Amino acid sequence: MLSKILEYDDNKALLALYGPHDAHLHHIEKHYGISVASRGNTLVLKGSDANRLHQAEQTLNTLYDHIKRGRPVDDAYVGRFLQSEKAAMLQEHDTDNDVVIHTRSGTLYPHTPKQKEYVQRIRKTDVVFGVGPAGTGKTYLAVAVGVEFLLQHRVKRLILSRPAVEAGERLGFLPGDLREKIDPYLQPLYDALHDMLPSDHIQRLMEMGTIEIAPLAFMRGRTLSDAFIILDEAQNSTISQMKMFLTRLGQNSKMVVTGDLSQIDLPSMADSGLPHVRRILRDVPAVTFVTFSRDDIMRHPVVAAILEAYDKDAEQNQT
């Protein structure tokens with residue numbers, strides 16, 4: 001039996017490394033097939049494979065280093081980290097400036113290879129489509145890069161939009177003025193934004209028109225120049241709405257379109273502009289499609305299992 005002894009000097013960071021009830025250590029034990037025992041500020045790793053012990057050591061040291069820098073490391077993150085490219089991936093993120101995202105609230109890192117590709121594509125391509133299941137970071141990362149572009153004065157405006165499909169003709173029956181009627185459908189965009197910027201800063205930028213959050217219908221007839229523009233929940237835009245939105249692109253602007261083809265709320269799936277645009281624009285230069293999978297889900301680990309169960313049920317019902 002081989003062993004390694006790791007010593008750390010920051011007890012607070014060490015507790016975060018262990019996780020609640022040593023959950024992070026249990027993840028690492030199971031993943032590498034080793035045992036990990038904690039003794040004060042020391043970890044003792046034991047196993048029969050020297051290579052796996054070395055990989056576990058790298059993982060622990062890398063996670064500890066990120067915790068020391070103030071990066072949040074929770075149970076879901078450790079699980080996703082181990083499923084992707086292990087310690088080498090995070091170390092690459094540290095030095096790879098084209099995937100590190102700087103916002104007022106801190107530094108963000110893509111967690112999976114597909115998320116890394118997505119951020120790279122957004123930075124280098126005029127129009128990017130992020131397509132895949134919920135929880136894969138499609139909207140969150142797009143908003144993060146948009147905020148970064150705004151703070152770096154690479155664009156003058158950040159525009160976030162969503163179709164308010166669920167409201168339909170019932171919108172007029174909801175209480176309040178137009179803003180109060182549509183805000184519930186735009187709330188996920190507000191949530192992402194508040195993770196990137198202080199609330200008072202967001203309010204000030206919205207009052208100045210620097211940040212705009214609006215339903216898709218409000219985009220008609222506009223030309224959006226010097227702007228970072230995001231269309232979320234694009235599967236609920238019609239073919240004509242998608243065409244309208246994409247043709248709003250002006251000089252020195254970027255567009256990111258996100259959607260989940262399994263969550264179409266339109267009366268007919270054939271009405272959705274997202275599968276249609278993916279088919280007709282796939283060979284157009286300066287337009288990129290990034291497709292996420294369940295492996296990229298960053299929510300609670302059980303979310304991927306739930307989605308898989310629903311997919312299997314749908315397949316069985318079709319046969």
Side-chain angles (χ1 to χ4, degrees), residues 70 72 100-108 118-119 122-123 125-130 134 137-234 236-237 241-242 244-259:
V100 175
I101 307 167
H102 302 284
T103 72
R104 192 61 57 85
S105 297
T107 302
L108 301 176
Y118 183 54
V119 171
I122 291 173
R123 288 211 169 112
T125 311
D126 292 339
V127 181
V128 176
F129 288 81
K138 305 182 301 295
T139 303
Y140 195 84
L141 289 172
V143 173
V145 178
V147 167
E148 180 185 58
F149 269 54
L150 189 65
L151 294 177
Q152 294 176 352
H153 305 289
R154 298 170 68 178
V155 295
K156 295 180 180 178
R157 290 183 294 168
L158 174 60
I159 300 172
L160 312 175
S161 183
R162 272 185 137 204
V165 164
E166 299 89 339
E169 294 180 356
R170 296 169 294 171
L171 194 63
F173 295 98
L174 294 175
D177 59 20
L178 180 60
R179 186 77 189 186
E180 291 169 329
K181 293 174 191 289
I182 63 178
D183 269 0
Y185 302 99
L186 304 174
Q187 191 59 48
L189 296 175
Y190 286 110
D191 291 343
L193 202 54
H194 278 278
D195 277 356
M196 318 290 171
L197 292 169
S199 296
D200 58 340
H201 193 186
I202 294 171
Q203 185 62 34
R204 187 164 60 252
L205 292 174
M206 291 183 70
E207 290 172 355
M208 295 167 55
T210 305
I211 292 180
E212 179 182 349
I213 302 179
L216 177 58
F218 285 25
M219 298 297 107
R220 191 172 297 279
R222 305 174 62 183
T223 299
L224 305 173
S225 300
D226 295 306
F228 194 106
I229 313 143
I230 300 171
L231 174 61
D232 191 33
E233 298 289 340
N236 287 329
S237 65
Q241 286 175 327
M242 179 67 76
M244 177 273 292
F245 178 80
L246 294 175
T247 53
R248 300 308 93 200
L249 186 67
Q251 294 296 320
N252 190 40
S253 288
K254 281 186 176 289
M255 275 186 171
V256 182
V257 179
T258 70

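In this text the structure is predicted, and so the values were computed from the model without any measurement.
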For this session: Begin with the C-alpha distance, continue with both residues' side-chain angles, and end with the deciding distance and a verdict on side-chain contact (heavy atoms from CB on, under 4.5 Å) for I159 and M219.
Result: CA-CA 10 Å; I159 300 172; M219 298 297 107; 4.1 Å; yes

For this session: Go through V127 and L246 one step at a time and tell me if the side-chain contact (heavy atoms from CB on, under 4.5 Å) criterion holds.
Result: CA-CA 9 Å; V127 181; L246 294 175; 4.2 Å; yes

Exercise. Could you walk me through whether D191 and Y140 pass the side-chain hydrogen bond (donor to acceptor under 3.5 Å, both in side chains) check?
Worked result: CA-CA 9 Å; D191 291 343; Y140 195 84; over 6 Å; no

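Sparse packing is recorded around CD of Q251, with 12 or fewer heavy atoms of other residues, nucleotides or ligands lying under 6.0 Å away.
Closest heavy-atom contact between V257 and A234: CG1-CB, 3.3 Å. D232 approaches P163 most closely through the heavy-atom pair O-CD, 3.2 Å. Between L160 and V143, the shortest heavy-atom contact is CD2-CG2, 4.4 Å. Between I230 and F245 the shortest heavy-atom distance is C-CZ, 4.2 Å. Contact record, G137 with Y118: O-CE2, 4.1 Å, taken as the closest heavy-atom pair. For the pair T125 and K254, the tightest heavy-atom approach, listed with the atom from each and the gap, is O-NZ, 2.8 Å.
For the pair M255/L231, no side-chain contact is recorded, criterion being any heavy-atom separation below 4.5 Å from C-beta on. Residues M206 and E212 are not in side-chain contact: their nearest non-hydrogen atoms beyond the backbone lie 4.5 Å or more apart. The shortest side-chain heavy-atom distance between F228 and I122 falls under the 4.5 Å cut-off. Within the 4.5 Å cutoff, the side chain of H194 has heavy atoms near those of the S199 side chain.
Counting only distance, with no hydrogens or angles, the side chain of S225 and the backbone of G250 share no donor-acceptor pair below 3.5 Å. The backbone N or O of T223 sits nowhere less than 3.5 Å from a side-chain atom of R248 that would complete a donor-acceptor pair. Side chain of T258 to backbone of K138: no donor-acceptor contact under 3.5 angstrom is found. The backbone N or O of L216 lies less than 3.5 Å from a partner atom in the side chain of S161, making a donor-acceptor pair.
The line from CD of Q203 to CD1 of I211 is 10.0 Å long, rounded to the nearest 0.5 Å. In this structure, OG on S253 lies 6.0 Å from CG on D226, to the nearest 0.5 angstrom. If you take CG on L224 and CZ on R222, they are separated by 5.0 Å, rounding to the nearest 0.5 Å. Here the CG-NZ distance, from N252 to K156, works out to 8.5 Å after rounding to the nearest 0.5 Å. Here CD of E148 is found 11.5 Å from CG of L141. Values are rounded to the nearest 0.5 Å.
When each of L193, L158, L197, V147 is tested with L205 by the rule side chain to side chain contact (heavy atoms under 4.5 Å, CB included), just one qualifies, namely L197.
When the side-chain hydrogen bond (donor to acceptor under 3.5 Å, both in side chains) test is applied to D126, no partner is found at least two apart in sequence or on another chain.
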